[in-house]
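A quick write-up on the structure given underneath.
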Amino acid sequence: MIEETTTPTKRTLRHEAISRRKQVDPAERARAGARLAGLMDGLPLPDARATVAAYVSMGSEIETRPLLDALLAAGYRVLVPRLGAGLDVGWGELDATGLLRDMDDPGSPTHHRPDEPEGETLPPESLAQAALILVPALAVDRSGTRLGRGGGWYDRALAHRSPACPVLAVCWDWEVLGADEDPLPRETHDLPVDGALTPGGIVLFG
């Protein structure tokens with residue numbers, strides 16, 4: 001007899017997380033983004049001029065532009081994804097968030113692709129230059145298991161990072177699971193993160 005399981009699937013967890021995020025007012029997402037920028041000095045970063053790999057937020061994600069602006073103002077080199085057409089997505093060097101291009105089809109009523117910088121598309125291997133990597137997450141548990149949107153791109157991308165480079169998942173405070181909560185489902189290709197960056201602070205996992 002096959003034993004039934006009550007463990008939520010990734011699909012179910014994603015649906016629940018996105019449903020809750022959609023209830024957050026856009027103004028609160030903007031305020032949360034400002035709080036992320038205020039935490040920049042606490043990030044595990046070397047001196048300025050180092051490379052930070054981050055991302056441009058979209059949809060129901062916490063606004064990342066204030067943090068990107070703060071990193072640039074402090075002298076860091078910032079890389080953000082360039083989606084292209086294939087599975088191996090490249091990177092673009094960000095000069096200013098005000099110069100980002102809308103990558104959606106003209107007239108599209110919804111935002112399907114993150115904005116991208118102008119200029120050269122750098123190869124996936126460019127991630128090895130990063131001293132810190134910030135990735136989006138719908139949830140993360142204390143073992144570092146991250147719930148993404150299911151495309152698998154970040155797991156492929158993180159294979160190119162330097163082994164010593166910390167990876168932080170960016171999410172809401174309530175999306176960092178407590179030690180008494182059930183861990184997230186992890187598959188063999190899921191690469192763990194080292195901590196979380198939330199509007200409430202920075203959490204590093206042991």
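In this text, all values refer to a predicted model and were calculated from it rather than measured experimentally. Residue numbers start at 1 and run along the sequence shown.
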Check: L79 and L127 side chains under 4.5 Å, non-hydrogen atoms: no
Which pair of heavy atoms, one from A137 and one from C171, lies closest together, and at what distance? O-CB, 3.5 Å
Value for CD (Q129) from CH2 (W91), rounded to nearest 0.5 Å, stands at 11.5 Å
Shared ILVMFWY cluster between V56 and L158, side chains joined below 4.5 angstrom? yes
Indicate yes or no: at least one non-hydrogen side-chain atom of L94 is less than 4.5 angstrom from one of L100. yes
Residues two or more places apart in sequence or in another chain: which of them pass side chain to side chain contact (heavy atoms under 4.5 Å, CB included) with S143? D141, T145, R186
Checking R161 now: which residues fulfil salt bridge (charged side-chain N to carboxylate O under 4.0 Å, His left out) with it, not counting sequence neighbours? none
Got Y154 and V167 here, is their nearest side-chain heavy-atom distance under 4.5 Å? no
Roughly how far apart are L72 CG and T97 OG1, rounded to 0.5 Å? 7.5 Å
What pairs with R142 under salt bridge (charged side-chain N to carboxylate O under 4.0 Å, His left out), at least two apart in sequence or on another chain? none
Taking only residues two or more places apart in sequence or in another chain, which ones pass side chain to side chain donor-acceptor pair (under 3.5 Å) with D173? T198
With rounding to the nearest 0.5 angstrom, report the CD to OG distance, E120 to S126. 8.0 Å
According to side chain to side chain contact (heavy atoms under 4.5 Å, CB included), who are the partners of E181, at least two apart in sequence or on a separate chain? L177
Shortest non-hydrogen separation from P136 to R146 and the atoms involved: O-NE, 2.6 Å
For a quick test of reading the model, state the closest non-hydrogen atom pair linking P46 to Y76 and the distance between them. O-OH, 3.1 Å
Output side-chain donor-acceptor pairs under 3.5 Å for residues 30-40, partner residues at least two apart or in another chain, one line each.
{"from": "R31", "atom 1": "NE", "to": "E28", "atom 2": "OE1", "distance (Å)": "3.0"}
{"from": "R31", "atom 1": "NH2", "to": "E28", "atom 2": "OE1", "distance (Å)": "3.0"}
{"from": "R35", "atom 1": "NH2", "to": "E28", "atom 2": "OE2", "distance (Å)": "2.8"}

Residues in side chain to side chain contact (heavy atoms under 4.5 Å, CB included) with P26, at least two apart? R29
Flag the pair F205 / P192 as yes when at least one side-chain heavy-atom distance between them is below 4.5 Å, and no otherwise. no
For the student: nearest non-hydrogen atoms of C165 and A130, plus distance: SG-O, 3.3 Å
All pairs passing salt bridge (charged side-chain N to carboxylate O under 4.0 Å, His left out) where residues 12-24 contributes a residue, at least two apart: R21-E175
Path from L147 to V24 over hydrophobic side-chain contacts below 4.5 Å: no
Which residues, ordered by chain and number, are linked to L99 in its hydrophobic cluster, where ILVMFWY side chains connect at heavy-atom gaps below 4.5 Å, directly or through other members? none
If I compare all heavy atoms of R149 with all of S60, which pair ends up nearest, and what's the gap? NH2-OG, 3.8 Å
Does T64 use its side chain to pair, donor to acceptor, with the backbone of Y55 at less than 3.5 Å? yes
Within this structure, what is the OG1-CD1 distance for the pair T51 and I133, rounded to the nearest 0.5 Å? 10.5 Å
By salt bridge (charged side-chain N to carboxylate O under 4.0 Å, His left out), R101 pairs with (sequence neighbours left out) E118
Sorted by chain and number, sequence neighbours left out, side chain to side chain donor-acceptor pair (under 3.5 Å) with E63 holds for S57, R65
Indicate, with yes or no, if L43 and V52 share a hydrophobic cluster defined by side-chain heavy-atom contacts under 4.5 Å among Ile, Leu, Val, Met, Phe, Trp and Tyr. yes
Can you give me the closest heavy-atom contact between L138 and G148, atom names plus distance? CD1-O, 3.6 Å
Cluster check V80, L197: I/L/V/M/F/W/Y, side chain < 4.5 angstrom: yes
Would you say V170 and L67 make side-chain contact, with heavy atoms under 4.5 Å? no
For L168, is there any backbone N or O sitting under 3.5 Å from a side-chain donor or acceptor partner on D194? no
Please enumerate all residues that pass salt bridge (charged side-chain N to carboxylate O under 4.0 Å, His left out) together with D190, with sequence neighbours excluded. K10
When clusters are formed by joining ILVMFWY residues with side-chain heavy atoms under 4.5 Å apart, either directly or through shared neighbours, do L13 and V193 land in the same one? no
Can you tell me how far the CG atom of L71 sits from the CZ atom of R77, to the nearest 0.5 Å? 13.5 Å
